[in-house]
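Read through the structure below, which is laid out as structure tokens, and then see the notes.
In what follows, every chain begins at residue 1, and chains take the letters A, B, ... in the order their sequences are listed. Only this structure's heavy atoms are used, side chains among them; waters, hydrogens and symmetry mates stay out.
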Amino acid sequence: MSDADPGVLEELRRAGVNRGDLVALAVAPGIGLGMATPDGSLSVAFAVDDPSGVVHLIERALRPRWVMWSNETAAILANAGVRVATSWDIAAVRRLLFGGWRADPACVWAQLHDLTLDTIPKIAPPDLFNQFDDDTRDPADPDGPLRRDGHLSPEWVNGGWRESPERLGRWAQLASVVVTRQQIALAELRDSPAAAATARSESAAELLCAELSIDGLPMDRTVAEELVADIIGPRPRSDAEAAEQRAARDIEVLRHAPLGAGADLRSPGQVKSLLRGIGIEVPDTRAWRLETMRDAHPLIGALLAWRKAERFATTYGYAWIDEHLAGDSRLRGTWTGSDGAAGRMTASAGLHNMPADMRVAVIADPGHVFVRADLGQIEPRVLAAVSGDRALARATVEDDMYAPVAQQLGVDRATAKVAVLGAMYGQTTGHGAHALRRLESAYPVAMSYLADADLAAQGSRALRTYGGRLIPMGTTNANEMSERDARGQAAARGRYGRNALVQGAAAEFFKLWAVTVRARGATVNARIVLCLHDELLVHAPADHGDAVGQLLADCLQEAAHRWAPDNSVRFVADISVIRRWSDAKD
DNA sequence: TGCGGCTATTG
DNA sequence: CACAATAGCCGCAG
């Protein structure tokens, strides 16, 4: 650790930095570190090999809220083993305020300074453009981060900010300017009083994402490979052998076809022709459709089995294991805190859509357990909370809220469930239509909340979730399509908007729960290893298994109280302590 | 080579 | 077979 450390801590103290105060941070390993406070009381920059070490020191002494341009900073810290408690993630807050996906510094800066996004300068080819570049520079500060037109310099944005300690200091200063403007913008959202709280939990979720990407999901390679072998056979030793296995799988289906009828089973069109050859006419060849005609011809069953094997061969086979499962028995993907639409967490490497069969290979380390918890009926409970429907809220006192809803509607439970889900997804036709009318009279507040969202989205008007996240509604070019198509598109937007408010609020609540668990679990070495929309998988020392289970339940109540302070809606979770993910009962 | 369509998996 | 996502392969346009 550098000699500068005690000094910098003193400087923060002198500047009056306390627990939870905003301190903007820019780090570049091997170069240095810059820090600044929004009120200008502190601005430091110095060279240091391991900036994360300095951050760690300050974190232990003061625990400020670290302002970061994006979770790249969180990743640098976490890679160095430094896990800060709280942050203000500028990119995450930008997505909250303005929706969409783009959140790079140039874009954030422009938007908060009322500059149009299409005037953002792009990086120029070095030799061609240098002569013109001078025109845009600020004569008083030619190498500075700001251009005369107010935009950030593309040279700075594209890595120039980390070239020297001085530049890191200025980069942190700019971040501290941005955070103040973001706070003002959040406060101006009068219809979304929760927005500032959402900004903090979404920021913490970015810290969690950086850690999830680094930690990975415990997975036993031997068990995973055995499972793959059971389904598609042993690992091929050459490309030729792989092709042989592939052909052998194809034969198992094609031997049921009329003599000479060949088809590429990977081509939906050719499969349709193949089926026509055995007297089966279908609009598409999806599994649920073929399942209903399994008895019609032995080829159908063979084809469905082929599909399952093919899925493992192409997506979750040996190549997937080799690419994503590291030597330390961790399956790693890249996590993002908020997708473009409704704000759910997403992950690559198939972490969110891994076949359930693969869960047998997700095994806790020796001496450890998984504590798994999944929220029960999260979307209808969230609907009750965000719409403020007292009648629907009363139903949430039950573990199974569909039971009282069914009683209220005078229908059976299955019908009630389909009706509620249909209302949230926008189904207006078919079997659900009758029960939907009953729903409207029993829960008018919740149903009109959904209908309003539907109507606004149909009119391409942007929406905000309960937590304040903007759901932008793209306008489609209606004069390029028929009247019928235009109506279909509007209806699709309506369904999308209706669902986005429920799914989006549920995602925000889930993240608040997750970051609460992250904060409280640290003291017993409990680490979240998977977030699955309404389910948390926590890896913890076996001795603490039951305590962590209780902690997950406590954190849920804490999150519920902070998120919807009137406590009218009850949230429930199913919690179990297990050694393998597949041991959880569903 | 890029992209829309189809398919499968998860919540 | 509604809402969301990631991911692979095929077929077609350029």
Side-chain angles (χ1 to χ4, degrees), chain A residues 101 217 231 246 250 263-273 282-292 303-317 319-320 323-324 333-359 362 372 374-380 382-383 417-433 435-436 450 453-454 457 463 465 469 471 488 491-507 510 530-537 581 586:
Chain A
W101 183 82
L217 177 69
I231 296 166
R246 211 166 95 132
D250 292 3
D264 181 352
L265 298 173
R266 293 153 196 86
S267 165
Q270 291 187 41
V271 170
K272 223 150 81 166
S273 304
V282 281
D284 61 63
T285 71
R286 288 182 167 87
W288 66 269
R289 199 186 293 283
L290 297 182
E291 200 65 56
T292 63
L303 178 62
L304 288 168
W306 179 91
R307 287 256 175 90
K308 187 176 153 78
E310 181 72 3
R311 177 121 185 98
F312 271 86
T314 57
T315 309
Y316 292 103
W320 174 73
E323 190 177 346
H324 303 293
T334 306
W335 289 76
T336 58
S338 176
D339 64 42
R344 277 182 169 187
M345 293 170 82
T346 61
S348 66
L351 280 160
H352 279 164
N353 52 348
M354 181 195 311
D357 290 343
M358 196 57 87
R359 295 180 185 187
V362 179
R372 171 198 178 268
D374 77 302
L375 301 175
Q377 303 168 343
I378 184 59
E379 291 193 343
V382 160
L383 173 62
K417 180 178 174 177
V418 168
V420 171
L421 292 175
M424 291 188 300
Y425 290 153
Q427 185 180 45
T428 51
T429 55
H431 187 52
L436 193 65
L450 294 171
D454 195 306
L463 297 162
T465 62
R469 174 180 306 284
I471 313 284
R493 280 201 307 276
R495 290 195 300 273
Y496 171 84
R498 174 187 285 262
N499 182 251
L501 291 199
V502 178
Q503 194 185 101
F510 174 80
L530 193 71
C531 294
L532 205 49
H533 311 311
D534 65 353
E535 177 176 351
L536 282 174
L537 200 62
W581 193 12
D586 266 308

Touch check for [X], heavy atoms < 4.0 angstrom, all strands: base, sugar-phosphate only, or nothing?
X        : result
A/Glu310 : nothing
A/Ala341 : sugar-phosphate
A/Ala507 : nothing
A/Ala356 : sugar-phosphate
A/Tyr316 : nothing

Using the salt bridge (Lys or Arg N to Asp or Glu O under 4.0 Å) criterion, which residues pair with [X]? Sequence neighbours excluded.
X        : result
A/Arg246 : none
A/Asp357 : A/Lys308
A/Glu291 : A/Arg294

Would you list the protein and nucleotides 1-6 of chain B atom pairs, both N or O, that sit under 3.5 Å from each other?
none

Which distance, rounded to the nearest 0.5 Å, do you find between the CZ of A/Arg498 and the CG of A/Leu463? 11.5 Å

Can you measure [X] atom [atom1] to [N] atom [atom2] for me and round it to whole angstrom units?
X        : N      : atom1 : atom2 : result
A/Glu291 : B/dT7  : CD    : C1'   : 15 Å
A/Leu265 : B/dA8  : CG    : C1'   : 15 Å
A/Met354 : B/dT9  : CE    : C1'   : 11 Å
A/Leu304 : B/dT7  : CG    : P     : 12 Å
A/Arg359 : B/dT10 : CZ    : P     : 7 Å
A/Trp306 : B/dT7  : CH2   : P     : 12 Å
A/Arg344 : B/dT10 : CZ    : C1'   : 9 Å
A/Arg289 : B/dA8  : CZ    : P     : 11 Å

Counterpart residues, ring-ring contact (aromatic ring centres under 6.0 Å, His included), relative to A/Trp335 (two or more places apart):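 For A/Trp335, the residues satisfying ring-ring contact (aromatic ring centres under 6.0 Å, His included) (neighbours in sequence not counted) are A/His352.
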
Residue list, ring-ring contact (aromatic ring centres under 6.0 Å, His included) with A/Tyr496, at least two apart or on another chain: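 Not a single residue meets the ring-ring contact (aromatic ring centres under 6.0 Å, His included) criterion with A/Tyr496.
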
Can you give each donor-acceptor pair under 3.5 Å made by side-chain atoms of residues 418-426 of chain A, sequence neighbours left out, with the distance rounded to 0.1 Å?
none

Starting at the 5' end of DNA chain C and moving along, which residue's nearest nucleotide shows up first, A/Asp264 or A/Glu379?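 That would be A/Glu379.
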
Could you pull out every donor-acceptor pair under 3.5 Å between side chains of residues 341-348 of chain A and any protein atom, sequence neighbours left out?
unit_1, atom_1, unit_2, atom_2, d
A/Thr346, OG1, A/Thr336, OG1, 2.2
A/Ser348, OG, A/Thr334, N, 2.9

Would you tell me whether A/Arg469 and A/Ser338 have side-chain atoms, one donor and one acceptor, within less than 3.5 Å of each other? yes

Of all nucleotides in DNA chain C that come within under 4.0 Å of a heavy atom of chain A, which is furthest toward the 5' end and which toward the 3' end? C/dC1 to C/dG11

